[in-house]
Amino acid sequence: MMLLPNGIRHLPEYLDRPRQEALVETIRAIVAEAPLFVPAMPGTGKPMSVRMTNCGSLGWVTDKERGYRYQEIHPVTGRPWPAIPDELLALWQDIAGYEKPPEACLVNFYSDDAKMGLHQDRDEKDLGAPVLSISLGNACLFRVGGTTRTDRTLSFKLSSGDIVVLGGAGRLCFHGVDRIYPATSTLLKNGGRINLTLRRVNP
DNA sequence: CAGTACCG
DNA sequence: CAAA
């Protein structure tokens with residue numbers, strides 16, 4: 001386990017290849033039920049480069065008019081999100097060290113040219129629970145900073161099967177994805193990267 | 001500002 | 001507003 005500044009935990013190769021493959025199949029089923037959508041920035045409506053969907057009782061969404069929020073239904077289909085699969089609930093039990101289960105699992109799909117700007121996860125009412133992030137597919141350059149945007153940042157590579165835990169002092173740290181490294185994994189036949197983010201929303 | 005322009 |  002790699003301990004980074006602010007107590008952020010990096011668990012390299014936490015998931016072996018068979019577990020990664022099983023997760024990808026599970027995600028395929030979720031995406032079939034809750035299709036990927038293009039999120040838009042609040043105010044400007046500028047589309048983000050990632051596509052996303054969710055599973056869980058709540059999903060994180062954003063659009064021009066209403067901005068960042070959690071809601072119970074898919075913004076395009078209007079249906080409830082699929083349930084969080086047992087394998088992810090088990091992962092949370094094993095790693096998060098938090099009594100209540102996650103309510104939201106954000107599924108972000110990064111094409112090989114997608115990025116995610118530095119941001120904080122601060123839309124959850126329960127900031128005591130950690131945020132658990134799972135990487136699948138092509139590697140990425142991940143960047144983490146401190147709790148203000150101007151704090152110095154540290155960049156490192158995340159590979160398929162890696163898990164990052166933002167908890168404790170690191171819960172509100174700025175973080176983002178600067179680039180995807182194309183063709184660095186054979187897990188996803190069509191390339192790209194999937195990130196799963198498990199979060200507890202309500203105390 | 002979960003975004004991006006610009007410059008060196 | 002800053003890193004890359």
Side-chain angles (χ1 to χ4, degrees), chain A residues 4-6 8 10 27 30-31 34-56 58-76 81 102-127 129-159 162-167 170-184 192-202:
Chain A
L4 298 150
N6 305 305
I8 291 166
H10 178 201
I27 297 308
I30 288 167
V31 170
L36 295 169
F37 61 92
V38 178
M41 298 300 293
T44 64
K46 179 71 91 163
M48 293 171 55
S49 59
V50 300
R51 293 185 296 155
M52 62 178 53
T53 188
N54 291 266
C55 54
L58 292 170
W60 189 87
V61 301
T62 172
D63 57 31
K64 178 177 181 172
E65 296 76 21
R66 301 179 60 194
Y68 307 153
R69 65 196 186 274
Y70 283 94
Q71 64 179 40
E72 296 176 340
I73 61 171
H74 190 289
V76 177
W81 306 103
E103 294 164 297
C105 175
L106 177 60
V107 179
N108 279 330
F109 177 76
Y110 293 76
S111 57
D112 285 338
D113 60 359
K115 305 178 294 293
M116 177 78 76
L118 264 194
H119 67 279
Q120 292 173 299
D121 290 16
R122 53 177 307 162
D123 302 313
E124 301 74 30
K125 284 183 279 204
D126 185 351
L127 294 174
V131 169
L132 203 154
S133 162
I134 302 157
S135 293
L136 297 168
N138 286 340
C140 75
L141 184 63
F142 187 70
R143 186 151 60 104
V144 289
T147 52
T148 78
R149 195 173 278 283
T150 50
D151 285 343
R152 125 165 57 234
T153 62
L154 171 68
S155 296
F156 57 99
K157 187 195 279 195
L158 290 181
S159 298
D162 289 9
I163 293 184
V164 172
V165 186
L166 302 178
R171 176 62 180 76
L172 287 174
C173 281
F174 278 84
H175 57 281
V177 172
D178 283 339
R179 67 163 298 199
I180 303 296
Y181 296 104
T184 48
R193 170 178 183 263
I194 292 171
N195 180 259
L196 307 176
T197 310
L198 291 164
R199 304 188 183 106
R200 180 76 199 182
V201 179
N202 297 116

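Naming convention: chains lettered A, B, ... in sequence-line order (proteins, then strands); numbering from 1 in each chain.
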- Message: Whole angstroms only, please: what is the CG-P distance between A:Asp123 and B:dA2?
- Response: 9 Å
- Message: By nearest atom, which of the nucleotides C:dA2, B:dA2, C:dA4 is closest to the A:Leu106 side chain?
- Response: B:dA2
- Tell me, please, which residues at least two apart from A:Tyr181 pass ring pair (Phe, Tyr, Trp, His ring centres under 6.0 Å). none
- Starting at OH of A:Tyr110 and ending at P of B:dA2, how long is that distance when rounded to a whole Å? 12 Å
- Message: Under the rule for salt bridge (charged side-chain N to carboxylate O under 4.0 Å, His left out), what residues qualify as partners of A:Arg69, not counting sequence neighbours?
- Response: A:Asp63
- Message: Which nucleotide wins on minimum distance to the side chain of A:Thr150, given the candidates B:dA2, C:dA2, C:dA4?
- Response: C:dA2
- Task: Starting at atom NZ of A:Lys64, determine the distance to atom P of B:dA2, rounded to an integer number of angstrom.
- Result: 18 Å
- B:dA2 P sits how many Å from A:His175 NE2, rounded? 10 Å
- Item | Interatomic distance where CZ belongs to A:Arg69 and P belongs to B:dA2 [whole Å] | 16 Å
- Message: Using the six-membered base ring of C:dA2, report whether A:Phe174 stacks on it, requiring centroids under 5.5 Å and planes under 30° apart.
- Response: no
- Distance in angstrom units between A:Lys157 NZ and C:dA4 C1', rounded: 17 Å
- Rounded off to whole Å, could you give me the NE2-to-C1' distance for the A:His119 and C:dC1 pair? 17 Å
- Would you call the rings of A:Phe37 and A:Trp81 parallel, tilted or perpendicular, where under 30° means parallel and over 60° means perpendicular? tilted
- Query: Base, sugar-phosphate alone, or nothing: which one does A:Met41 contact when heavy atoms must sit under 4.0 Å apart?
  - Reply: sugar-phosphate
- A:Asn195 near the nucleic acid: base, sugar-phosphate alone, or nothing, with a heavy-atom cut-off under 4.0 Å? nothing
- Item | A:Met48 side chain near A:Met116 side chain, heavy-atom distance below 4.5 Å | yes
- For A:Arg143, which contact category applies under a 4.0 Å heavy-atom criterion: base, sugar-phosphate, or nothing? base
- Message: Once you apply a heavy-atom cut-off of 4.0 Å, does A:Leu141 come out as touching a base, just sugar-phosphate, or nothing?
- Response: nothing
- Task: For side chain to side chain contact (heavy atoms under 4.5 Å, CB included), just list the numbers for A:His10 and A:Phe142, CA-CA rounded to whole Å, side-chain angles, deciding distance to a tenth of an Å, and then say yes or no.
- Result: CA-CA 11 Å; A:His10 178 201; A:Phe142 187 70; over 6 Å; no
- Does any N or O donor sit under 3.5 Å from an N or O acceptor when you compare the side chain of A:Asp151 with the base of C:dA2? no
- Task: Take atom CG of A:Leu172 and atom P of B:dC1, then tell me their distance rounded to the nearest Å.
- Result: 18 Å
- Task: Decide yes or no, distance alone: a donor-acceptor N/O pair under 3.5 angstrom between the base of B:dC1 and the side-chain of A:Arg149.
- Result: yes
